[in-house]
Participant: 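Here it is, the structure in full.
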Amino acid sequence: MKLAIISDIHGNLEALQAVLAFLNGEGIKDIICLGDIVGYGADPDECINLIRETTDHIIAGNHDWGAIGLTDTSFFNPVAKAAIEWTADTVTEDSKKFLVRLPLTITRDDFLFVHGTPSSPEDWDYLFRAADALQEFKSFLQKACFIGHSHTPLMFARDLKGMTFQVTYAEQRLEDDRRYIINVGSVGQPRDMDPDAAVGIYDRERKYFTLERIPYDIKAAQEKIIKAGLPAMLAERLGAGW
Ligand code: ZN
């Protein structure tokens, strides 16, 4: 049985549809979403509706909370702020009721799922460095913690001696004597200079984790952003993946 982990859809319906079509083709129905369904992209309601139809396992991201006034958006950069205000004005009451009910973490099997960091999910901190990962490993007991938020695929391991290090992000066997923090990248706004949508796949039998990249109709998503009157930069960045 395989498990798919997706994150940071950000209102990009074209990217979400492409990822779900890929998972459907692979026969993967067990899907966990790590939040930020909305913000930046032009189809927040459509993405909420599609992800709700697809899975019950969804946690909240900072943009989901920002769109319903649950988190302070004064710290957002001006473009993100403009987009979250547009999103708050655009989404339906039904969508808002859905977003407000989302939990901050999910535990499944021997895994923890969180948008930002396991130590303080509600603070929306970023995790980029092994030194920070060292601290984060102390805050959860599971075999692995899957995260999103930075839109940057990254993988950290910790061995039995407590050594924490970054591991190459390719197909990876999750070793029995190691624990992991795995960032699955972003479906709707990748920032690792690869514009294709990212989706993490965990194969429970083989204990393998793989990151797949899925091409989608970027031009259509860009045109919708411009047409909606959202900042043009949000369309531009999709083309290059930054
Ligand atoms: Zn995000």
Side-chain angles (χ1 to χ4, degrees), residues 4-16 19 31-48 50-51 57-88 90-91 95 98-99 102-106 113-118 120-128 145-154 181-200 211 213-214 216 218 221-222 225 230-231 233-238 240-242:
I5 308 108
I6 61 174
S7 191
D8 295 275
I9 297 161
H10 282 294
N12 187 336
L13 184 63
E14 285 70 26
L16 179 59
V19 164
I31 300 168
I32 291 189
C33 173
L34 303 186
D36 276 6
I37 306 165
V38 305
Y40 300 136
D43 285 318
D45 276 322
E46 291 77 0
C47 288
I48 287 172
L50 182 53
I51 201 71
H57 308 290
I58 305 168
I59 57 178
N62 53 318
H63 287 255
D64 304 320
W65 271 26
I68 50 175
L70 275 183
T71 204
D72 182 8
T73 55
S74 62
F75 300 106
F76 279 33
N77 69 57
V79 168
K81 200 156 182 284
I84 208 68
E85 282 165 7
W86 179 91
T87 302
T90 302
V91 292
S95 288
F98 166 75
L99 292 176
L102 294 178
L104 285 172
T105 61
I106 293 177
F113 301 87
V114 60
H115 185 71
T117 56
S120 55
E122 69 285 359
D123 290 333
W124 317 113
D125 291 328
Y126 291 94
L127 177 51
F128 284 113
C145 176
F146 289 92
I147 64 172
H149 193 38
S150 70
H151 303 203
T152 308
L154 268 179
I181 295 174
I182 302 172
N183 190 315
V184 297
S186 168
V187 170
Q189 196 197 75
R191 294 179 190 162
D192 58 339
M193 304 311 286
D194 179 347
D196 290 346
V199 51
L211 190 81
R213 300 308 287 257
I214 315 296
Y216 71 95
I218 292 175
Q222 289 174 317
I225 287 171
L230 284 156
M233 183 196 132
L234 294 172
E236 274 167 44
R237 66 187 305 171
L238 293 184
W242 54 269

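Please read these numbers as outputs of a predicted model, since none were measured by experiment. Just so you know, ligand 1 is whichever comes first in the structure, and atom 1 is the first atom listed for that ligand.
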Participant: Do you see an N/O/S atom of H10, backbone or side chain, under 2.8 Å from the Zn ion (ligand 1)?
Facilitator: yes

Participant: Indicate yes or no: does R213 engage D192 in a salt bridge with an N to O separation below 4.0 Å.
Facilitator: yes

Participant: For D36, what is the atom name of its N, O or S atom nearest to the Zn ion (ligand 1)?
Facilitator: OD2

Participant: Name the one of V184, I5, I31, I214 that satisfies side-chain contact (heavy atoms from CB on, under 4.5 Å) with V199?
Facilitator: I214

Participant: With a 6.0 Å cut-off on ring centres, are H63 and F76 close enough?
Facilitator: yes

Participant: Strictly under 2.8 Å, is the Zn ion (ligand 1) approached by any N, O or S atom of H151?
Facilitator: yes

Participant: How is the N/O/S atom of D8 that comes nearest to the Zn ion (ligand 1) named?
Facilitator: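 Restricting D8 to its N, O and S atoms, the minimum distance to the Zn ion (ligand 1) goes to OD1.
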
Participant: Using the side chain to side chain contact (heavy atoms under 4.5 Å, CB included) rule, take L104 and V114 through it: C-alpha gap first, then chi angles, then the decisive distance, then the call.
Facilitator: CA-CA 6 Å; L104 285 172; V114 60; 5.9 Å; no

